[in-house]
**Q** 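This is the structure I want to talk about, given as structure tokens.
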Amino acid sequence: MAFTAKDVAQLRAKTNAGMMDCKKALEACDGDFEKAIQWLREKGIAAASKKQDRIAAEGVVGSYIHMGGKIGVLVEVNCETDFVARTEAFMQLVKDIAMQIAAANPKYVTREEVPSEVLENEKNILRAQALNEGKPAAIVDKMVEGRVVKFYKDFCLLDQEYVKDSSKTIQTVLNEATLSIGEKISVRRFVRYEMGEGLEKRQDNLAEEVAKMSGNKDNK
């Protein structure tokens, strides 16, 4: 059974789950709306989303320094209580998020943080690329929409594939942590420094390097 972007939006409105999670649910359930709702509930995603209206004003600023001091990351991850902020599970989550930022180099936390002028410029570039590829004008906008999703996956932290488990996004990791810990968990902001950034230098595959350090067998 096929589904459209409108179906994804309706599922999101119904469950308050993320857009990517709703798309995955519909794909897994062949477009069946009710089965997709059940899928999200079974995965715990819908339940985690219900906690997102809570206030998370506690937490920690965590750091990660890549081997040899090549990359430095500071990230603020929030929770609801100071008690949770001091737990081993929360501290490990913060470390994993910092490692993600070091490896994947996101520019924004969420899609909503992408400046409108940046997004519009990206769409113009993608539209020009599609037309230069000889694609029919009638389907160019739909192609641009799909490629914009790829842009979000590359540059928005919550949309990125988790370097330790590519079957998950960072939003999924946060949802799972919210369910496991029992409090709203969110990433507020981060800063990433790369030694010699902007200078000509050899480019290493940092995602693979960090994945190897973390023991991810999928990235050899």
Side-chain angles (χ1 to χ4, degrees), residues 1-13 16-28 30-31 33 36 66 70-71 73 75 97 99-174 186-211 218-219:
M1 185 187 302
F3 64 89
T4 65
K6 184 178 180 180
D7 295 324
V8 176
Q10 288 178 339
L11 184 58
R12 185 184 187 189
N16 203 34
M19 290 292 283
M20 290 304 296
D21 288 320
C22 289
K23 182 180 179 181
K24 286 183 179 180
L26 286 167
E27 288 174 345
D30 295 324
F33 196 83
H66 188 67
K70 297 178 182 178
I71 305 287
V73 171
V75 59
I97 296 297
M99 290 178 66
Q100 171 78 24
I101 294 166
N105 193 18
K107 303 300 182 186
Y108 315 97
V109 177
T110 68
R111 297 182 179 193
E112 289 72 23
E113 290 183 6
V114 181
S116 58
E117 60 272 19
V118 171
L119 185 59
E120 191 58 36
N121 182 63
E122 185 66 20
K123 287 181 177 180
N124 289 337
I125 292 173
L126 294 172
R127 189 173 290 108
Q129 288 177 346
L131 290 172
N132 288 336
E133 291 170 3
K135 305 300 182 183
I139 67 169
V140 165
D141 285 342
K142 185 170 292 186
M143 291 183 62
V144 169
E145 182 180 333
R147 292 180 181 183
V148 165
V149 171
K150 174 64 165 56
F151 172 83
Y152 288 140
K153 291 180 67 174
D154 286 341
F155 297 108
C156 298
L157 176 64
L158 300 190
D159 282 282
Q160 287 185 336
E161 291 182 354
Y162 187 27
V163 295
K164 294 177 68 174
D165 183 349
S166 60
S167 69
K168 302 177 181 180
T169 64
I170 295 302
Q171 182 62 69
T172 301
V173 172
L174 293 179
S186 60
V187 178
R188 184 185 177 205
R189 54 186 172 175
F190 65 84
V191 61
R192 180 185 186 275
Y193 296 102
E194 183 170 348
M195 185 180 66
E197 190 169 14
L199 301 177
E200 185 177 350
K201 59 185 186 298
R202 180 173 64 87
Q203 295 295 317
D204 296 321
N205 191 325
L206 293 173
E208 287 187 4
E209 196 170 337
V210 171
D218 293 332
N219 290 275

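All values derive from a computational prediction rather than experimental measurement.
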**Q** Are the side chain of Arg192 and the backbone N or O of Ile101 linked by a donor-acceptor pair below 3.5 Å?
**A** yes

**Q** Can Val191 and Val75 be said to form a side-chain contact (heavy atoms from CB on, under 4.5 Å), step by step?
**A** CA-CA 7 Å; Val191 61; Val75 59; over 6 Å; no

**Q** Apply side-chain contact (heavy atoms from CB on, under 4.5 Å) to Val118 and Asn121, showing your working.
**A** CA-CA 5 Å; Val118 171; Asn121 182 63; 5.9 Å; no

**Q** Would you indicate whether the side-chain heavy atoms of Leu131 and Lys135 approach each other to under 4.5 Å?
**A** no

**Q** Counting N and O atoms only, with roles assigned by atom type, does the side chain of Glu122 sit under 3.5 Å from a partner on the main chain of Phe151, one being a donor and the other an acceptor?
**A** no

**Q** Which pair of non-hydrogen atoms, one from Glu194 and one from Ile71, has the smallest distance, and what is that distance?
**A** CG-CD1, 3.3 Å

**Q** Quick one: does any side-chain atom of Glu113 pair with a main-chain N or O of Tyr108 as donor and acceptor, under 3.5 Å?
**A** no

**Q** Between Leu11 and Cys22, what is the shortest heavy-atom contact and its length?
**A** CD2-O, 3.5 Å

**Q** Indicate yes or no for a side-chain donor-acceptor contact from Gln171 to the backbone of Leu157 under 3.5 Å, with no hydrogens or angles considered.
**A** no

**Q** Just how far is it from atom NZ of Lys153 to atom CG of Leu158, taken to the nearest 0.5 Å?
**A** 14.0 Å

**Q** Considering residues, nucleotides and ligands other than Gln129, do more than 12 of their heavy atoms fall under 6.0 Å from its CD?
**A** yes

**Q** Do Val148 and Lys123 touch side chain to side chain, with heavy atoms closer than 4.5 Å?
**A** yes

**Q** For a salt bridge (Lys or Arg N to Asp or Glu O under 4.0 Å) with Asp159, tell me which candidate from Lys150, Lys168, Arg111 qualifies.
**A** Arg111

**Q** Could you tell me the separation between the CD1 atom of Ile97 and the CZ atom of Phe190, rounded to the nearest 0.5 Å?
**A** 10.5 Å

**Q** For the side-chain contact (heavy atoms from CB on, under 4.5 Å) test, which of Ile170, Thr110, Val114 pairs with Cys156?
**A** Val114

**Q** For Ala130 versus Arg147, what's the shortest heavy-atom pair and its separation?
**A** N-NH1, 4.0 Å

**Q** Looking only at non-hydrogen atoms, find the nearest pair between Phe3 and Glu27 and report the distance.
**A** CZ-CG, 3.5 Å

**Q** Roughly how far, to the nearest 0.5 Å, is the CD atom of Gln100 from the CG atom of Asn105?
**A** 11.0 Å

